[in-house]
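Structure record follows, encoded as C-alpha cells.
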Amino acid sequence: MSELVLSSPDRDRGVATLTLNSVANRNALSSGLLEELLRLLEQAEDDDSIRVVVLRANGPSFCSGADLAAARSGSMAPIVRGIVEVQRRIVTMSKPVVARVHGSVRAGGLGMVAAADIAVGSTESSYALTEVRLGLAAASISLTVLPRLTDRAASYHLLSGRAFDGAAAARMGLLTCAVPEAELDAAVESVVSDVLKGDPQGLRETKTLLTAPLRSRLDELGQDMIDLSAELFASPRARRAIEAVLSRGRQPRPLA
C-alpha cells in the first residue's frame with residue numbers, strides 16, 4: 001500500500017517536507033490520511049533538528065476535502081474531528097508551517113491552507129467553499145478560514161460556493177502570496193530560506209503571539225463545529241446530495 005503522506009526531512013537544513021500522496025482521490029481527507037498527517041506533524045514537532053515544516057501535495061490537486069466515500073459506511077464524525085485536529089496541530093506547532101499550494105483546493109484543503117503560518121500558491125490554483133450546495137456548512141474549517149478572509153469575501157464565497165483563483169485568494173487573505181505556477185517552487189524556497197534565518201526561540205515565541213487568536217478560536221469553538229459538521233453530514237438532505245455525487249463515480253470537489 002502506498003503511503004498517504006510522504007515525509008522528507010532535511011535535518012541538516014532544518015526543513016521537514018510533508019507531501020499529501022493520495023493522488024487517486026485528489027488527496028481527499030480520509031481517516032487514514034488524517035491520522036498519518038497528524039503523526040508526521042507530531043514527529044516534526046518533536047524533532048529538534050527541524051525548524052520549518054513545508055506542507056505540499058502530489059498530483060493535480062492539493063486537496064479535494066473530506067473523503068465523502070466514508071459517508072456510505074457510517075458517520076463522518078471521525079473525519080470531521082480529524083480535520084479539526086490537523087488544523088489545531090498546524091496552528092499550535094512551535095515551528096512555522098509553510099503551505100505550497102497548487103491545483104484545486106476544496107473545503108478541508110482550505111482549512112489546512114488557512115491554518116498554515118505562510119501559504120504560497122500559484123495564481124492558477126482554484127479554490128471553492130461549496131458545502132452549501134450539498135446541504136452542509138463549512139463549519140469545521142471555519143475555525144481557521146473565517147479569520148483569514150475579509151468579511152465580505154467570506155459571505156460571498158460561503159453562500160455562493162463560487163470558485164476563485166490563486167490571485168483572488170491572495171487578495172482576500174487566504175494566501176500570503178500567489179505567483180505563476182512556474183515560479184511556485186522558487187517562491188516557496190525563498191520564503192523557507194527567509195524563515196530559516198530566524199532563531200528557533202524567536203520563531204517559537206513569535207508564532208505563539210501570531211496564533212493566539214486562532215488557538216483561542218479552536219479551543220472555544222472546535223467541539224461545536226465538529227458536532228455541527230457531523231450533524232449536517234448525517235442529515236437526509238446532505239446524504240441524498242452526497243450519494244448523488246458519489247453515484248457519478250468521482251470524488252467531488254465541494255467537501256467540508
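This one's a predicted model, so the numbers in the text were calculated from it and none came from an experiment.
- With a 4.5 Å cut-off on side-chain heavy atoms, Pro9 and Ser7 count as touching.
- Asp47 and Gln43 are not linked by any side-chain donor-acceptor pair at a separation below 3.5 angstrom, with hydrogens and angles left out of the test.
- No side-chain heavy atom of Ser22 sits less than 4.5 Å from a side-chain heavy atom of Glu3.
- Hydrophobic clustering (ILVMFWY, side-chain heavy atoms < 4.5 Å, transitive): Leu149 and Leu136 are in one cluster.
- Between the side chain of Thr130 and the backbone N or O of Arg133, no donor-acceptor pair lies under 3.5 Å.
- In this structure, the side chain of Ser142 engages the main chain of Ala139 through a donor-acceptor pair within 3.5 Å.
- Using a cut-off of 4.0 Å between Lys/Arg side-chain N and Asp/Glu carboxylate O, Glu183 and Arg100 are scored as not salt-bridged.
- In this structure, Val54 is not a member of the same hydrophobic cluster as Leu174, with clusters built from ILVMFWY side-chain heavy atoms closer than 4.5 Å.
- For the pair Asn58 and Leu20, the minimum side-chain heavy-atom distance is 4.5 Å or more.
- Among all heavy-atom pairs drawn from Ser140 and Val80, the shortest one is CB-CG1, 4.0 Å.
- The aromatic rings of Phe62 and His102 stand perpendicular to each other, their planes meeting at an angle above 60°, with 30° marking the opposite boundary.
- Nearest approach of Ser64 to Asn25, heavy atoms of both residues: OG-O, 3.1 Å.
- Side-chain contact between Val15 and Ile50 is absent, with no heavy-atom pair separated by less than 4.5 Å.
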Test log, rule side-chain contact (heavy atoms from CB on, under 4.5 Å), inputs Glu85 and Leu34: CA-CA 9 Å; Glu85 290 309 308; Leu34 289 164; over 6 Å; no
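- With rounding to the nearest 0.5 Å, the separation of CG in Leu221 from CD1 in Ile226 is 11.0 Å.
- The shortest side-chain heavy-atom distance between Val91 and Leu143 does not fall under the 4.5 Å cut-off.
- Shown here for Ser229 and Ala137, the closest heavy-atom pair between the two residues is OG-O, 4.5 Å.
- Within the model, atoms CG of Leu33 and CD of Glu35 stand 10.0 Å from one another, a figure rounded to the nearest 0.5 Å.
- Atom CZ of Arg72 has more than 12 neighbouring heavy atoms from other residues, nucleotides or ligands inside a 6.0 Å radius.
- Classification of Glu42 and Arg39 as a salt-bridged pair fails, no side-chain N sitting under 4.0 Å from a carboxylate O.
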Without placing hydrogens or testing angles, list every side-chain donor-acceptor pair under 3.5 Å for residues 207-216, not counting sequence neighbours.
unit_1: Lys207; atom_1: NZ; unit_2: Ile90; atom_2: O; d: 2.8
unit_1: Lys207; atom_1: NZ; unit_2: Met93; atom_2: O; d: 3.3
unit_1: Lys207; atom_1: NZ; unit_2: Lys95; atom_2: O; d: 3.0
unit_1: Lys207; atom_1: NZ; unit_2: Asp117; atom_2: OD2; d: 2.8
unit_1: Thr208; atom_1: OG1; unit_2: Arg204; atom_2: O; d: 3.0
unit_1: Thr211; atom_1: OG1; unit_2: Lys207; atom_2: O; d: 2.8
unit_1: Thr211; atom_1: OG1; unit_2: Arg215; atom_2: NE; d: 3.1
unit_1: Arg215; atom_1: NH2; unit_2: Thr208; atom_2: O; d: 2.5
unit_1: Ser216; atom_1: OG; unit_2: Ala212; atom_2: O; d: 3.1

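- Remark: the Ser126 side chain and the Ser104 side chain contain no N/O donor-acceptor pair separated by less than 3.5 Å.
- If you check the side chains of Ser193 and Arg13, you find a donor sitting under 3.5 Å from an acceptor.
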Test side-chain hydrogen bond (donor to acceptor under 3.5 Å, both in side chains) applied to Thr123 and Glu181, step by step: CA-CA 7 Å; Thr123 51; Glu181 183 81 26; over 6 Å; no
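- To the nearest 0.5 Å, atoms NZ (Lys197) and CG (Asp194) are separated by 4.5 Å.
- Hydrophobic cluster membership differs between Val52 and Leu41, with clusters built from Ile, Leu, Val, Met, Phe, Trp and Tyr side chains linked at under 4.5 angstrom.
- Of the inter-residue distances, the one linking Arg106 atom CZ with Ile141 atom CD1 reads 11.5 Å to the nearest 0.5 angstrom.
- Two residues are said to be in side-chain contact when any heavy atoms from C-beta on lie closer than 4.5 Å; Val192 and Leu196 meet this criterion.
- The minimum heavy-atom distance linking Ile79 with Ala70 is given by the pair CD1-CB, 3.6 Å.
- At most 12 heavy atoms of other shown residues, nucleotides or ligands fall within 6.0 angstrom of atom CG in Asp48.
- The line from CD of Gln223 to CE of Met225 is 10.0 Å long, rounded to the nearest 0.5 Å.
- At distances below 3.5 Å, at least one donor-acceptor pair connects side-chain atoms of His157 with backbone N or O atoms of Arg162.
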Audit row: Met112, Ile83, side-chain contact (heavy atoms from CB on, under 4.5 Å) steps and yes/no: CA-CA 8 Å; Met112 291 189 292; Ile83 290 171; over 6 Å; no
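- Nearest approach of Gly111 to Thr144, heavy atoms of both residues: O-OG1, 3.2 Å.
- Under the 3.5 Å distance criterion, the side-chain polar atoms of Thr206 are matched with a main-chain donor or acceptor of Gly202.
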Verdict with supporting geometry, Asp67 and Leu29, side-chain contact (heavy atoms from CB on, under 4.5 Å): CA-CA 5 Å; Asp67 182 6; Leu29 300 175; 5.8 Å; no
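- Counting heavy atoms from C-beta outward, Thr17 and Asp10 have side chains that stay 4.5 Å or more apart.
- Around the CG atom of Asp199, the shell of radius 6.0 Å holds more than 12 heavy atoms that belong to other residues, nucleotides or ligands.
- The hydrophobic cluster containing Tyr127 does not contain Val120, counting ILVMFWY residues as joined when their side-chain heavy atoms lie under 4.5 angstrom apart, directly or transitively.
- Looking only at distances, a side-chain donor or acceptor of Arg239 sits under 3.5 Å from a matching main-chain atom of Ala71.
- Taking every heavy atom of both residues into account, Glu36 and Val5 meet most closely at CG-CB, 3.9 Å.
- Judged by distance alone, with hydrogens and angles left aside, the side-chain atoms of Ser61 form no donor-acceptor pair with the main-chain N or O of Cys63 at under 3.5 Å.
- No side-chain heavy atom of Leu6 sits under 4.5 Å from any side-chain heavy atom of Leu18.
- Residues meeting the side chain to side chain donor-acceptor pair (under 3.5 Å) test with Arg51, sequence neighbours left out: none.
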side-chain contact (heavy atoms from CB on, under 4.5 Å) assessment of Val132 paired with Leu158: CA-CA 7 Å; Val132 66; Leu158 267 72; over 6 Å; no
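- Summarising the geometry, atom CG belonging to Leu175 is positioned 12.5 Å from atom CD1 belonging to Ile118; distances are rounded to the nearest 0.5 Å.
- Hydrophobic clustering (side-chain heavy atoms under 4.5 Å, transitive across Ile, Leu, Val, Met, Phe, Trp, Tyr) groups Val84 together with Leu232.
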